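None of the values given here were measured: they were computed from a predicted structure.
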Amino acid sequence: MDYATDSNTSRPVPPANTGSTLLNLISNVSTRALQFERRFDPWLRPAFDALLRDRIASFVTTLINRRRSDEGLRIAEERPLPGEEEFVDSIIGTFREQMSGLWKPGGFERGGNTKTHGIVRGEFIVPEDLPPQFRRGVFAEPRTYRAWVRFSGPGPYVTPDIDDVGFMSISVKLMGVPGPKLMEEEKFTQDFFGVSPPTFVTPDVRANAQLQRASLQNASVFYFLNFHRPHVLDFIMQGLWIKTQSSPFEAPYFSCVPYLLGEGQAMQYSFWPKTTQRTPIPRLPLRQPDNYLRQAMVTALNRGDVELDFRVQLQTDPFLMPIENAAVLWPERISPRVSVATIRIPRQTFDSPAQINFERRLSYNPWHCIAEHRPLGNQSRARKRMYWALAQYRHDMNAIPHYEPTGDEVFT
């Protein structure tokens, strides 16, 4: 592995290759327009979020729900989609084709959540005073788990931070978790995931297969806006939360898909910064440093510890809080988010090339979990096979075997 470079080495977004000169032009112009807007977004976004975002999200969610039919499912009940496995095959094949077109052997990056802003040591602290309904799985007893926490950009490209689509992701790997795991490749870990929009970019795996085909053409806009199977409402929901980010430590992250919280109870979870401080984005509206988000992390951890609040939202209505549709925002008015743990990231230095590149050895998968937190829904069922296959492909192409961390790793 080349430790002199890392996955934050920026590259421009490739031009669209739809096969149509007109469609390529539309896609390329829309990308440039988004990148231009990012440089002015911080002056406009606070007022928009305060006055309009939640109202629009509630209205759009109502429209989405009116188009859905009530299948009569119970709490935590799943129902496979017709053709689900074929859609997963399509997603895996498209990702592999895209990854092989973007990267060379020895330098393969992840197909999604691609750019690493930082991977840091953390602690996942379960308190003593949780209500009984939340004391399941890793929350059953007061305990502190060691963790590796990865903050990343959206992918599939590695761009300057200001030129990405405007959302971030978090992956948390707890270590020293006892009990059998649903994937046997790791024995002592429990993985949690989040992205900064509260709904997933696609409602189900059928739509996800459509999105990946558009992404392969470097023209994801035509997944949302097309005459065959448009996803305009999903486009609006994503647009309400994607924005010019100030720091990976200063955004909330959402699971978007459900998981078990013990047998017969579904949940979604989220991560919330415990500070309201916002790091100034350098040099706006001019060109920013390519990796200003990592630098914001460095600055914060030079000052002291960083804490995130881990919250759980229980499924209380099987229709308004669906298992199989990840594009529906679960309403807080009928089920509030409740704090169940704290992620503490202690003051540290993390930006050596060796530690940044440590993430290339790791595989995060929601099925690295105990049965009490089994992933639910078609997108999660897809992730089990999809994440495993693409991680194996990446590790094979880089000649780097899969590694289960212990927390005792040392970097120089």
What is the minimum heavy-atom distance between [X] and [Y], and which atoms define it?
X	Y	result
Arg394	Leu362	NH2-O, 3.1 Å
Ile334	Thr316	O-OG1, 3.4 Å
Trp367	Ser380	NE1-O, 2.8 Å
Asn398	Pro105	OD1-C, 4.4 Å
Tyr223	Ala207	CE1-O, 3.4 Å
Ala76	Leu260	CB-CD2, 4.2 Å

Would you call [X] and [Y] a side-chain contact if the rule is heavy atoms closer than 4.5 Å?
X	Y	answer
Phe151	Ser171	no
Thr199	Asp234	no
Val177	Ile370	yes

More than 12 foreign heavy atoms under 6.0 Å from [atom1] of [X]: is that the case here?
X	atom1	value
Phe224	CZ	yes
Phe319	CZ	yes
Glu97	CD	no
Arg67	CZ	no

Please confirm whether the ring centroid of [X] lies under 6.0 Å from the ring centroid of [Y].
X	Y	value
Phe95	Tyr393	no
Phe358	Trp148	yes
Phe139	His373	yes

Quick one: do [X] and [Y] make a salt bridge, cutoff under 4.0 Å?
X	Y	answer
Asp161	Lys115	yes
Arg374	Glu78	yes
Asp305	Arg344	yes
Arg287	Asp163	yes
Arg311	Asp309	yes
Arg38	Asp164	no
Arg135	Glu141	no

Give the C-alpha distance, both sets of side-chain angles, the deciding distance and a yes or no for side-chain contact (heavy atoms from CB on, under 4.5 Å) between Gln210 and Arg213. CA-CA 5 Å; Gln210 181 189 358; Arg213 289 192 295 271; 3.8 Å; yes

Distance (rounded to the nearest 0.5 Å) between Glu263 CD and Glu372 CD: 9.5 Å

Among Phe124, Trp272, Tyr145, which residue satisfies the ring-ring contact (aromatic ring centres under 6.0 Å, His included) criterion with Phe310? Phe124

Find out whether the Lys NZ or Arg CZ of Arg303 is both under 6.0 angstrom from the six-membered ring centre of Phe249 and within 45° of the ring's axis. no

Walk me through whether Thr202 and Gln379 qualify under side-chain hydrogen bond (donor to acceptor under 3.5 Å, both in side chains). CA-CA 9 Å; Thr202 58; Gln379 304 255 35; 3.0 Å; yes

Angle class for the Trp43/Phe40 ring planes (parallel below 30°, perpendicular above 60°, tilted otherwise)? tilted

I'd like to know whether His368 forms a side-chain hydrogen bond (donor to acceptor under 3.5 Å, both in side chains) with Glu185, so could you lay out the CA-CA distance, the side-chain angles of the two residues, the decisive distance to 0.1 Å, and finally the verdict. CA-CA 8 Å; His368 292 157; Glu185 68 173 356; 2.6 Å; yes

Kindly determine whether Arg360 and Glu109 satisfy side-chain contact (heavy atoms from CB on, under 4.5 Å), including the steps that lead there. CA-CA 8 Å; Arg360 293 187 179 180; Glu109 303 293 348; 3.0 Å; yes

Decide yes or no on side-chain hydrogen bond (donor to acceptor under 3.5 Å, both in side chains) for Gln355 and Asp351, but give the supporting numbers first. CA-CA 7 Å; Gln355 183 163 334; Asp351 57 335; over 6 Å; no

Are a donor atom and an acceptor atom from the side chains of Asn378 and Arg381 found within less than 3.5 Å of each other? no

Trace of the salt bridge (Lys or Arg N to Asp or Glu O under 4.0 Å) decision for Glu404 with Lys173: CA-CA 10 Å; Glu404 180 176 353; Lys173 185 180 290 290; over 6 Å; no

Determine whether Thr279 and Ser246 satisfy the following criterion, side-chain hydrogen bond (donor to acceptor under 3.5 Å, both in side chains), listing intermediate values before the conclusion. CA-CA 6 Å; Thr279 302; Ser246 59; 5.5 Å; no

